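Heavy atoms only: backbone and side chains are in, while hydrogens, waters and symmetry mates are out. Chain identifiers are assigned alphabetically (A, B, ...) following the order of the sequence lines, protein sequences preceding nucleic acid strands; residue numbering begins at 1 within each chain. Since the structure is predicted, the reported quantities are computational estimates derived from the model, not experimental observations.
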Protein chains: 2
Amino acid sequence: MNKGVVILAHGSRAIAWEANQLVVKIVEMYKVKTGNKNVKPAYMNSKSGGPSLEDAVTELVKEGLTEIIVAPWFLTDGLHIREDIPEIISALEEKYPQAKITLAKVLGADERIVDILIDRIEEAK
Amino acid sequence: MNKGVVILAHGSRAIAWEANQLVVKIVEMYKVKTGNKNVKPAYMNSKSGGPSLEDAVTELVKEGLTEIIVAPWFLTDGLHIREDIPEIISALEEKYPQAKITLAKVLGADERIVDILIDRIEEAK
């Protein structure tokens, strides 16, 4: 069985709901590329109007997943990644002792990010 | 002459200064890949401790650049991209009428972002 995956967005204030929808598109692209259907989006910002990390993990646990990877759709590891998210994951592991929940690394200084920036800058000229 | 480029990070609160340094690495990678030396990092969050968009554009204008692309190192277009940054750019164009300042698009739902997420999730297993 595939592992469960939560793709975790920062999330934006409600006025920019279209901005928040982008992670849903990323989740769909991930499902198509990997064939894993056990993938859910979640948002750190409660004002975003979307499901929280707790909501997404709870759904995966209810669907019977026992290994869950939380993948931050974040460029860099600020305070959410260093403090808030590990605390939420610890609480979820206490709540669901049958589940192993692992936090993946952020996107980081990856060559492919630089390649996308090169394209965006080229397109803007 | 190359155009000036500002790679604009969201920026994090001061405690996570290492997180803020990542955009400096992205700028270095961009310079190496493109050969353009007229590239500066900037931060939206004034608590990040780094140069602001105003600081970076002012430096490029003082160095004689008249065409400047502001490339947001942002995954999605929340309110900073839709409202705050265009306002700052308009004010800078009034201040420096010799400069044309263009805002590039965000990274967005790019296949390469999904490929990086696939790697991060694989590494976390």
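For chain A, the nearby parts of B/I116 are the backbone and the side chain; heavy atoms of each come within less than 4.5 Å. For B/E122, no part lies under 4.5 angstrom from a heavy atom of chain A. Proximity to chain B is absent for every atom of A/E67, based on heavy atoms less than 4.5 angstrom apart. Looking at A/K25, the atoms closer than 4.5 Å to chain B (heavy atoms on both sides) all sit in the side chain, from C-beta outward. In this structure, chain A has no heavy atom under 4.5 Å from any part of B/V70. Only the backbone of A/V106 comes within less than 4.5 Å of a heavy atom in chain B; its side chain stays farther off.
Note that CD1 of A/I69 is 11.0 Å distant from CD of B/E123, once rounded to the nearest 0.5 Å. Distance check: A/F74 CZ to B/H10 NE2 gives 10.5 Å after rounding to the nearest 0.5 Å. Separating the CD1 atom in B/I26 from the CD atom in A/E111 is a distance of 9.0 Å, to the nearest 0.5 Å.
By the 4.0 Å N-to-carboxylate-O rule, B/K33 lies close enough to A/D115 to be salt-bridged with it.
For the residue pair B/L75 and A/W73, the shortest heavy atom distance occurs at CD1-O, 3.0 Å. Pairing each heavy atom of A/L22 with each of B/G108, the nearest pair is CD2-CA, 3.8 Å.
At least one side-chain heavy atom of A/L107 sits under 4.5 Å from a side-chain heavy atom of B/I113.
Per-residue counts of heavy-atom pairs under 4.5 Å with chain A were compared for B/V23, B/I118, B/T34; the largest is that of B/I118. Chain B forms more heavy-atom pairs under 4.5 Å with one residue of A/D110, A/D119, A/T102 than with any other, namely A/D110.
Enclosure of atom NZ in B/K31 by more than 12 non-hydrogen atoms of other residues, nucleotides or ligands within 6.0 angstrom is indicated. Around atom CD of A/Q98, more than 12 heavy atoms belonging to other residues, nucleotides or ligands sit under 6.0 Å away.
Evaluated for a side chain to side chain contact (heavy atoms under 4.5 Å, CB included) with B/L117, the options A/V39, A/I7, A/V5 yield exactly one hit, A/I7.
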